[in-house]
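Here's the structure we're looking at; comments come further down.
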Amino acid sequence: MAETDVGFWGVVIAVLGGAIRVGTPFLFVSLGECLTERSGRINLGLEGNLIMGAMAGYAVSYYSQSPWLGVAVAGGTGLLLGAIHALLCQHPRVNHIAVGIALMIFATGVAFFLGKPFIQPSAPQLPSIGLGGWSDSPVVRAALDINALFFLGLLLVPALHWFLKYARWGLMVRVAGENANAALALGYKVKQIRLLATMFGGMLASIGGAYLSLYYPGSWNEGLSSGQGLMAVALVIFARWNPIYCLWASLLFGGAAALGPSLQSIGISWGYFLFNAAPYVLTLGIMIATSSAKQTLAGMPGEFVK
Amino acid sequence: MTDQRKFNYRTLSSDEPDNLFGGAMPKALEAVLITAGALLISVLLVAVFFLSAGHQPVEVFHTIYRGAFGSWFSWQNTLVRAAPLLLTALCTAIPARAGLIVIGGEGAVVLGGLCAAVTGFQFLGAPPLLAMTAMLVSGCIAGGLWIGLSGFLRHYRGVNETISSLLLNYIAIAVLSFLVFGILRDPATLNKPSTHSIGAGNMLGTLGESSVHWGFGFGILFCVLLWFLCKRMTFGYELALVGGNPRAARLAGIPVGRVILVSCLLGGAAAGLAGAIEVVAVHGRANASLAAGYGYAGILVAFLARHNPLAIVPFAILLGGIQASGGLLQRAHDLPDATVAVIQGLIFLVILASEMMYGKLRFPRLMPFRSNTTLKAT
């Protein structure tokens, strides 16, 4: 009897822990995309950033034996890719969305090209903080083993919210995103603001990628990402361009993505592949339910390319 | 939404003559020059990439040439790979003419292939011509409806078509895996779960003595037909108007929603046909090989061709060649598969950046006294 008792709560906590574990990359990518979109650009290339960050983080961690240095270098590659996107999109004729797709193909290609030698060796992983010490159950302990990067992301959420809402620079980002002409009239350098916002957003996405290779799943291979970077765009729309909603949305998506594996672990394997599609179906359903052909969405930046 | 220029105002204005004495350039020449220049720059960038990766660029380029166009054998390989690209490029190009960026070719290929395989199994004993037609048509319908869903959502629900078509890619692949690992699985396929075979007798044949299957012919045919539709028929004109300015198009009485929907249905049907051809001419059954990235490479081809269906033909062959040389690159230089993706990504980036050159090229002034300014003054 006692066993089933622990089992039930174990499953609940395992699902929660899974949402955090799978949702962390979503959190970083969506925060980055949120900042970029608030400045008036869409970066569809974050998938490339993610994979590049995963590769760079893993490789640097392997060579230097320091996973945190890996995270830093991953962030650096993100800055670089974000800069390429922003600089190309500065010209009015160049299409944001197409540049994003091109950067995704390019960065993924470069990551697989350079990352080939790192598929075999194992690199030191990021540390995690065990919050499950109070429990005897290994399931609970494993589920509450939360990675340090998640806490970093958790800190970033209110920080970004505060930045966008109260900071002077955050106001500049919002003006650039709401109405570029107004920003220009106020004397703000819209191109520069967007450059910095896209670079910073790219950096966050790459850090999310480093989480993939340095903690969960915790190895580098070519099937590492399952489109987290691409879903970020939809996720930010779902979160109404609000960093705090981004956190809830990421956890929800993490939970949805963890649905297939967790159902399989308790013996339901019938629709494994369908449950794998849960995050995508969820995104599409939410977008259909919340979009309207007649009016713009609440919270949408005015310069958002629809 | 796109920055595609639909009308060349420059050539319409009377104060800038189109002549050899300094002036604007014809649109087609401009596009050819800029695309050629962009390809040249991408070749240089790819060379820099190979140099920094420790390979001799000239040797690598020679290998790519040998692998793509060096012999009749490699030409056949190239054309086989170009066949699906011709069709998946149309999936991006036709909606793009109406101002939509659809990147769902991959999903349409997957579902088109799956439907063709299922249809093929039903027609096992039927005459080959009937079975083939049924399979190809079912692929078209599946792909068309899949991308049509994106267009429908875009127009009637305001859902961004780029994101919805992308999500539909993942959903299509999940549906394929679910069915192929589940109820549609042929128990005989152990290592690579697949559907039942469509039967060797119902497979699409090859063109003459070559190993190039008929899918390449279908691809060319589709490109020509859709070029005619886009450039020579009323629908193409409506498409251009909707792409140029949807509000003006609506005011002019054009049914914008229908035009968008039909463009998506046509594009999706092309990509679905690509999937059906992969099944009917290459694999003989549907499995994970359908999601081989043809949809994503097709996006690049469409942008290279500037969404002109006829221009898709040479660029699909070029891209098919680059993809065909991947194996040889691996054997000769020990370069990973991802080399092809790096080259494609670089070309794509440079092509998009080259968009900023349009309207800036002009003929050099050959005779100083008959320049633009003097003409304007008179």
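Throughout, a chain's letter reflects where its sequence line sits, starting with A, and its residues are numbered from 1.
Contact check for A:I105 versus B:I299: no side-chain heavy atoms found under the 4.5 Å cut-off. Looking at A:I101 and B:F303, their side chains never come closer than 4.5 Å, going by heavy atoms from C-beta outward. A 4.5 Å side-chain heavy-atom check between B:L352 and A:L88 finds every atom pair outside the cut-off.
Comparing A:L230, A:V233, A:V99 by how many heavy-atom pairs each has under 4.5 Å with chain B, the most go to A:L230.
Under the side chain to side chain donor-acceptor pair (under 3.5 Å) criterion, B:S289 pairs with B:K192, B:N287, not counting sequence neighbours.
With a 6.0 Å radius and a threshold of 12 heavy atoms from other residues, nucleotides or ligands, A:K191 has its NZ atom at or below the threshold. Around CZ of A:F112, the count of heavy atoms belonging to other residues, nucleotides or ligands within 6.0 Å exceeds 12.
In terms of heavy atoms, B:K360 sits closest to A:H91 at NZ-NE2, 3.7 Å. The shortest heavy-atom contact between A:A277 and B:A174 is CB-CB, 3.4 Å. Here the closest heavy-atom approach between residue B:I163 and residue A:A234 is recorded as CG2-CB, 3.8 Å. Minimum interatomic distance between A:A102 and B:L349 (heavy atoms only, all atoms of both residues): CB-CD2, 3.8 Å. Closest of all the heavy-atom pairs between B:N160 and A:M287 is N-CE, 4.3 Å. Scanning both residues, B:L167 and A:L284, for their nearest heavy atoms gives CD1-N, 3.8 Å.
The contact between B:L346 and chain A is made by backbone and side chain atoms together, counting heavy-atom distances below 4.5 Å. Only the side chain of B:I103 comes within contact range of chain A, with at least one heavy atom under 4.5 Å from a heavy atom of that chain. With a threshold of 4.5 angstrom between heavy atoms, B:L335 approaches chain A through side-chain atoms but not through N, CA, C or O. Neither the backbone nor the side chain of A:L87 comes within contact range of chain B, judged by heavy atoms closer than 4.5 Å. For A:T108, no part lies near chain B; criterion is any non-hydrogen pair under 4.5 Å. Of the two parts of A:L103, the backbone and the side chain both hold a non-hydrogen atom closer than 4.5 Å to a non-hydrogen atom of chain B. Only the side chain of B:L168 comes within contact range of chain A, with at least one heavy atom under 4.5 Å from a heavy atom of that chain. With a 4.5 angstrom heavy-atom cutoff, B:A297 does not touch chain A via any of its atoms. Only the backbone of B:Y156 comes within less than 4.5 Å of a heavy atom in chain A; its side chain stays farther off.
Listed by first and then second residue, the side-chain hydrogen bond (donor to acceptor under 3.5 Å, both in side chains) pairs that reach into residues 332-341 of chain B are B:T63-B:H333, B:Q330-B:D337, sequence neighbours excluded.
A donor-acceptor pair under 3.5 Å links the side-chain atoms of B:R157 to the main chain of A:I288, judged by distance alone.
Taking the six-membered ring where tryptophan is involved, the planes of B:Y170 and A:Y280 are essentially parallel, since the angle between them stays under 30° and well short of 60°.
Annotation: the span from B:I343 atom CD1 to A:F106 atom CZ amounts to 11.5 Å, rounded to 0.5 Å.
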